[in-house]
Student: 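Input: one structure, supplied below.
Chain A is the first sequence line, chain B the second, and so forth, proteins listed ahead of strands; every chain is numbered from 1.
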Amino acid sequence: MNSELLLVFIIGGIVVLDTTPFFQSMISQPLVVCAFFGYIWGDIYIGAILGVILELIWLKLVPVGGFLSQQGNFGAFASSSSAVYVSKQFDIVHEETLIFVFILYSFLISLTASTLTYKIRVVNRKIIHFIDKKKINLLSKINYIQILTIFFSFLIGGLFLSISFIFGVEVVGRIISRLSLNFRSFAEVGIYSALGVGSGVVLSMFWEKKGNLAFYIGVAAGIVLVVFGFPL
Amino acid sequence: MMRSFFRKLEVFIRSFFIEASFNYESMQTWGFLFILVPFLRKKKNDRQFLENIEKEHKVFINTHPYMATFLAGAILHIEENSETEKEKKIHIDKFKKILSQSLAASGDRFFWKYLKPVCALFGVLILVSNDFSPLAVLTGVTAFLILFNLPALFFRIIGFYKGYSR
């Protein structure tokens with residue numbers, strides 16, 4: 001697991017940087033990150049399904065510096081890396097259960113990561129105050145501040161996502177492997193509901209004043225699809 | 001004079017880091033100064049000049065990261081072409097206050113509200129309509145990244161030229 005953990009740390013740090021501090025090329029988006037883990041760890045289907053559902057759910061999130069919200073990118077990273085790894089390491093009978101539980105896990109990480117983002121901003125401010133007090137010229141100050149803030153964002157982000165990956169594999173993964181077979185039908189409803197939520201988000205973008213209504217229509221549509229047995 | 005191609009290229013590359021030191025006290029102030037470094041470096045031995053720059057530019061600034069090059073180009077143009085210190089200060093203050101806010105508003109609207117969701121939905125549609133096949137996943141993700149990044153890079157490059165030349 002050591003090489004996988006190292007990869008998660010490095011890619012995790014890059015994802016955290018791409019989300020706000022550096023470039024914002026969208027390689028940190030759920031669609032890209034989930035597909036990436038699906039490819040490199042050999043389960044494209046799970047990666048792609050998670051990518052599509054989480055991308056739709058977090059479609060309206062804006063990576064604006066001053067706006068602190070759920071960090072969908074971090075959640076997608078933690079859940080896709082853990083889900084694809086667990087599907088290869090544990091004896092998982094039903095993919096539906098795995099996908100649904102890791103969708104829920106991504107919400108947990110997304111919420112926790114908003115606190116992490118706030119902490120990174122606080123660390124940035126402390127670094128700026130620390131360097132600004134030094135008796136060095138302006139050019140050195142600017143360069144030191146940028147280098148140190150990038151380094152700490154990478155380090156803190158990489159560590160957070162590595163811990164999320166370990167927790168996802170060792171705790172969530174083991175729980176999934178012990179869930180009863182009856183959970184499968186519940187998980188199917190859950191996946192379609194999550195897809196419905198994503199569709200609701202898309203609808204609400206074109207129907208802004210009735211955003212909540214669009215959200216409920218999406219969920220209802222997802223549940224109707226399950227009732228009529230639409231295959232995933 | 002900021003004429004050399006490599007100096008402009010350096011400004012462009014440095015614009016990727018504008019939100020690196022983002023915080024709730026000074027927002028993008030240090031990131032913006034980081035973009036101006038190639039210009040500041042020309043006068044690194046002029047202590048008085050650097051002290052003035054520090055006073056002038058160490059103010060609260062927050063704009064859209066893809067549009068920041070436009071503001072940087074305009075500020076560099078003023079720094080290089082203003083005849084008096086007073087004229088320069090008035091222009092820079094005015095530009096920073098008005099332009100950064102309007103660029104932030106228009107950038108947020110165009111990039112985050114329209115371009116990102118549309119490109120992501122296009123990528124998702126490619127995946128879903130091709131049954132999540134490996135080739136479809138690769139195509140969908142690549143299409144998303146290219147469709148989003150081409151306009152984003154275009155705005156970063158053209159923004160600097162427009163800001164600097166006018």
Student: Give, as side chain, backbone, both or neither, the part of B/F111 having an atom under 4.5 angstrom from any heavy atom of chain A.
Tutor: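 No part of B/F111 comes within 4.5 Å of chain A.
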Student: Are B/N23 and A/T149 close enough that some pair of their side-chain heavy atoms sits under 4.5 Å apart?
Tutor: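 Side-chain contact under 4.5 Å: no.
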Student: List the atom of B/N149, the atom of A/Q24, and the distance in Å for their closest heavy-atom pair.
Tutor: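 It is OD1-O, 4.5 Å.
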Student: Within the distance-only criterion (no hydrogens, no angle test), does the side chain of A/K60 pair as donor or acceptor with the backbone N or O of B/P117 below 3.5 angstrom?
Tutor: no
Student: So which part of B/L127 gets closer than 4.5 Å to some heavy atom of chain A, the side chain, the backbone, both or neither?
Tutor: side chain
Student: Counting only non-hydrogen atoms closer than 4.5 Å, does B/L145 touch chain A with its backbone (N, CA, C, O), its side chain (CB onward), both, or neither?
Tutor: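 Just the side chain, heavy atoms under 4.5 Å.
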Student: For a quick test of reading the model, state the closest non-hydrogen atom pair linking A/A35 to B/V141 and the distance between them.
Tutor: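 For A/A35 and B/V141, the tightest heavy-atom pair comes out as CB-CG2, 3.7 Å.
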Student: Given side chain to side chain contact (heavy atoms under 4.5 Å, CB included), test B/V124 with A/L59 step by step and report yes or no.
Tutor: CA-CA 11 Å; B/V124 165; A/L59 199 63; over 6 Å; no
Student: Using every non-hydrogen atom in the two residues, find where A/F23 and B/R156 come nearest and quote the distance to one decimal.
Tutor: O-NH2, 3.0 Å
Student: Closest heavy-atom contact between A/L61 and B/K116?
Tutor: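 The answer is O-NZ, 2.9 Å.
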Student: Measure distances from B/A152 to the heavy atoms of chain A and classify the residue's part below 4.5 Å as side chain, backbone, both or neither.
Tutor: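 Looking at B/A152, nothing touches chain A.
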Student: Please give me the minimum heavy-atom distance between B/W30 and A/L138, naming the atom from each residue.
Tutor: CZ3-CD1, 4.4 Å
Student: Quick one: does A/Y39's side chain have a donor or acceptor within less than 3.5 Å of a partner on B/P134's backbone?
Tutor: yes
Student: Select one option (side chain, backbone, both, neither) describing which atoms of B/S15 are under 4.5 Å from chain A's heavy atoms.
Tutor: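 Looking at B/S15, nothing touches chain A.
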Student: Taking B/F17's backbone N and O only, do any of them form a donor-acceptor pair with A/Q146's side chain (distance below 3.5 Å, no angle check)?
Tutor: yes
Student: Please determine, among B/V137, B/L36, B/I18, the option with the most heavy-atom pairs under 4.5 Å with chain A.
Tutor: B/V137
Student: Quick check for you: among A/L139, A/I150, A/L56, which has the greatest number of heavy-atom pairs under 4.5 Å with chain B?
Tutor: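 Option with the top pair count is A/L139.
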Student: Distance from B/E25 atom CD to A/K126 atom NZ, nearest 0.5 Å?
Tutor: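 The distance works out to 12.0 Å.
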Student: Enter the distance from B/S21:OG to A/I131:CD1 here, rounded to the nearest 0.5 Å.
Tutor: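 These two atoms lie 11.0 Å from each other.
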Student: Identify which of A/D132, A/I120, A/V122, A/V123 forms the greatest number of heavy-atom pairs closer than 4.5 Å to chain B.
Tutor: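 Of A/D132, A/I120, A/V122, A/V123, A/D132 has the most heavy-atom pairs under 4.5 Å with chain B.
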Student: Looking at every non-hydrogen atom in both residues, tell me the closest pair between A/N124 and B/F22 and how far apart they are.
Tutor: ND2-O, 2.8 Å
Student: With a sphere of 6.0 Å drawn around OH of A/Y144, does it hold more than 12 non-hydrogen atoms of other residues, nucleotides or ligands?
Tutor: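 Counting neighbours around OH of A/Y144, 12 or fewer heavy atoms of other residues, nucleotides or ligands fall under 6.0 Å, so no.
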Student: Heavy-atom distance under 4.5 Å to chain A: side chain of B/R41, backbone, both or neither?
Tutor: both
Student: Mind ranking B/F34, B/Y66, B/F148 by heavy-atom pairs under 4.5 Å with chain A and telling me who comes out on top?
Tutor: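 Most heavy-atom pairs under 4.5 Å with chain A: B/F34.
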Student: Any chance you could measure A/I142, atom CD1, to B/T29, atom OG1, to the nearest 0.5 Å?
Tutor: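 The CD1 atom of A/I142 sits 11.0 Å away from the OG1 atom of B/T29.
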